[in-house]
2 protein chains.
Amino acid sequence: MTSGVTVSDDSTKERAPSIRDVARLAGVSHQTVSRVLNNHASIRDSTKARVLAVIEELQYRPNRAARALSRGRSRTIGVLSASSAEYGPASSIAAIQDAARDAGYFVNTANLNRGEPGSIAAAVDHLMSQSVEGIVVIAPQVQVFNALKLLSIDVPFVTLQSSGNVDANALTVDQIAGARLATRHLIDLGHRDIYHLAGPQDWIEAEARMHGFLEEMGAREVPTTAPILGDWTAQFGYHAGRELLHVRDFTAIFSSNDQMALGLMHAIREAGLEVPRDVSIVGFDDIPEAAHFWPPLTTVRQDFAELGRRCVALLLANIAGTTAENQGAIMPELIVRGSTARPAF
Amino acid sequence: MTSGVTVSDDSTKERAPSIRDVARLAGVSHQTVSRVLNNHASIRDSTKARVLAVIEELQYRPNRAARALSRGRSRTIGVLSASSAEYGPASSIAAIQDAARDAGYFVNTANLNRGEPGSIAAAVDHLMSQSVEGIVVIAPQVQVFNALKLLSIDVPFVTLQSSGNVDANALTVDQIAGARLATRHLIDLGHRDIYHLAGPQDWIEAEARMHGFLEEMGAREVPTTAPILGDWTAQFGYHAGRELLHVRDFTAIFSSNDQMALGLMHAIREAGLEVPRDVSIVGFDDIPEAAHFWPPLTTVRQDFAELGRRCVALLLANIAGTTAENQGAIMPELIVRGSTARPAF
DNA sequence: CGAAGTCATGTGCACGGTCACAAATTGGCC
DNA sequence: GGCCAATTTGTGACCGTGCACATGACTTCG
């Protein structure tokens, strides 16, 4: 740890300069300074220059708390996030922060990772006590939405995933389309015995991907088996893989994310089989590592960053009361790599 | 997107209830309400109960901006972060947020990911304009520290990595020790021709790991070659691997993180060689996927979450002016898996 | 029983901005 | 030169909370 250069050596704890200090030195009223700060229209250039000079000299910074108090607006948006350490959410959060900052907003994040009971309410409470103007929900689990409804949040909120219902304002990567792409790819290769390793049932996107899988299978009249419900981790994929290999009545598996796909491949190889010779695998997300798995993983790419950006745009429009133009769903993209091939027989 | 239940249907835009509204309904002064909120000592139980009842009834929430303004403290800490989408930083950030929240603090993050020039100053500015009380630097690059010094930040800050110099207050995972563990493991297995794939030179932790590697090699009197400087990505590891295989005068590689190790293994396998038969690989970080790489990766585990927690503890102590007890460096742990073995000959 | 001390509560102002409105200055035009 | 309008600047109140100090009620004790 390196301590900051603590300048407050002098006896009195000097408060930061205020708008009035600037006003005094510039020989104007505090209101004029305020106008310069908010670059109001009718300010004489010479006055403006003088004020700006003093601001520079005093190293003046507007006090956000005071501004928020008097304007009644915090200029802060909240992010409600689960598993924020994972690639997808983390990328989106970063994008959200950048986009918000560009729009002059601040971001405050509350995590849901920990002990469940009351956790959602507590997190929302944390955000609300920041008087956020809007919330981005990045933990699209059913219970979160229920909790949000129950708490009757009185600020607008958007989510990175469709809540399932058709919504005129839906902002989302089209998970169903993505899952269908993956499934179609396997069917087109000639696979007929395809398993689906799904995400946790209460995750909206997991459900959507499962739906997409089932839809495509149905449309192509390929008989389906019940999906296995996982927890997104490579660990689970590995164990699920070991279980599945006892049966071995499949030639391909579509995994609902890349991590579980990795675990699956681990289990398969450990059993002496080979991907894609014996089993084809498709993942979902296209995490940066996926291209270097062995074999490199065929997967469905989502643009998390773009998602985050659009999300902020939509939320801010909502806050402003503007009717947001619905840019429609972002289309995911199938990335074909080495983990899929025609079935062996 | 699902819009929140917008309650503000009524004509007038009702302001949230204030401490005085509560006071009026409870038949006390606003100051009494304030005392209840800050659970001040001398308040009659009956009064307290009455006030609390009104608070509940009115759904009253303290206004953070007003509180910050009047107390002159924002109760917010800032996080300055690069590559916040990666596993290590992301985990630490999550832990920081949780710890801060438990301590009644809010967290604000500024990313450095984007276009470099002025980016650091801008990010710091963003945080300072939030009047954060302290900053956690999670982007331990040399230039960031230089920028921090130049900007003469007047709030305490801590970093997740030692700045290299021995510092009485250093808070860090001992990167050097970790790197030595990894290197020792390879030497103990019998390897003598060991390469090191380092992280970006300007990253303090990358430099520390490189140092640890060189120290251990020196201590064991194993001749060394110049480390290769990478950029943390699997992509780079892959390309570096391909280059290295033109020479093939090594039996083991110590990679400065797991992603680059993954890329290395990809390149090695693609060249028809096998890990660990032909080349042993050690990584660093122990990302959750590492256990399911092929082969499962031998690596050095860091407890990012613990790091984040301690970091907040230290920073808050610093803010409070308390002398922080230095808990010393966190020791990393060598996790031996399948990617290392005795050299073939 | 009165003085001194503790406890419980109230009063008024400060924090650093913004807002609504008023006042001063400027310029154009007859 | 005087009048009106537009431009530029100033005045005072207010946002919601905490702090310092004042006040009144109730104890304690010699």
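Labels below follow one simple rule: chain letters A, B, ... track the order of the sequence lines, proteins then strands, and each chain is numbered from 1.
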task = Measure from CG on A:D45 to P on D:dT8 and round the result to the nearest Å.
result = 9 Å
inquiry  = Strictly distance-based, threshold 3.5 Å: is any side-chain N or O of B:R50 a donor or acceptor partner for the main-chain N or O of B:A26?
reply    = yes
ask   = In whole Å, what is the span from the CZ atom of A:R73 to the C1' atom of D:dG16?
value = 18 Å
Spacing of B:R75 atom CZ relative to D:dG18 atom P, expressed in whole Å = 11 Å
inquiry  = Distance check needed: C:dT26 P versus A:R44 CZ, whole Å only.
reply    = 6 Å
query = Which whole-number value in Å describes the distance from A:R24 CZ to D:dG10 P?
reply = 14 Å
query = Using 4.0 Å as the upper bound for N to carboxylate O, is an ion pair formed by A:D125 and B:R61?
reply = yes
inquiry  = Once side-chain contact (heavy atoms from CB on, under 4.5 Å) is applied, do any residues pair with B:A65, and if so which ones, sequence neighbours excluded?
reply    = A:A68, A:L69, B:N63
Heavy-atom pair with the smallest gap, counting every atom of A:A23 and A:S29 = CB-C, 3.6 Å
query = Nucleotide by nucleotide, 5' to 3', does protein get under 4.0 Å of the base (B), only the sugar-phosphate (S), or neither (-) in nucleotides 10-20 of chain C, counting heavy atoms?
reply = BBBB-BBBBBB
message = Side-chain N or O of B:T47 versus OP1/OP2 of C:dT9: is the shortest distance under 4.0 Å?
response = yes
message = What is the separation between atom NE2 on A:H40 and atom P on D:dT8, rounded to the nearest whole Å?
response = 10 Å
inquiry  = Please tell me whether A:R64 and B:T76 have a donor and an acceptor in their side chains that are separated by less than 3.5 angstrom.
reply    = no
task = Would you confirm whether B:E133, through its side chain, and B:R75, through its main-chain N or O, come within 3.5 Å as a donor-acceptor pair?
result = yes
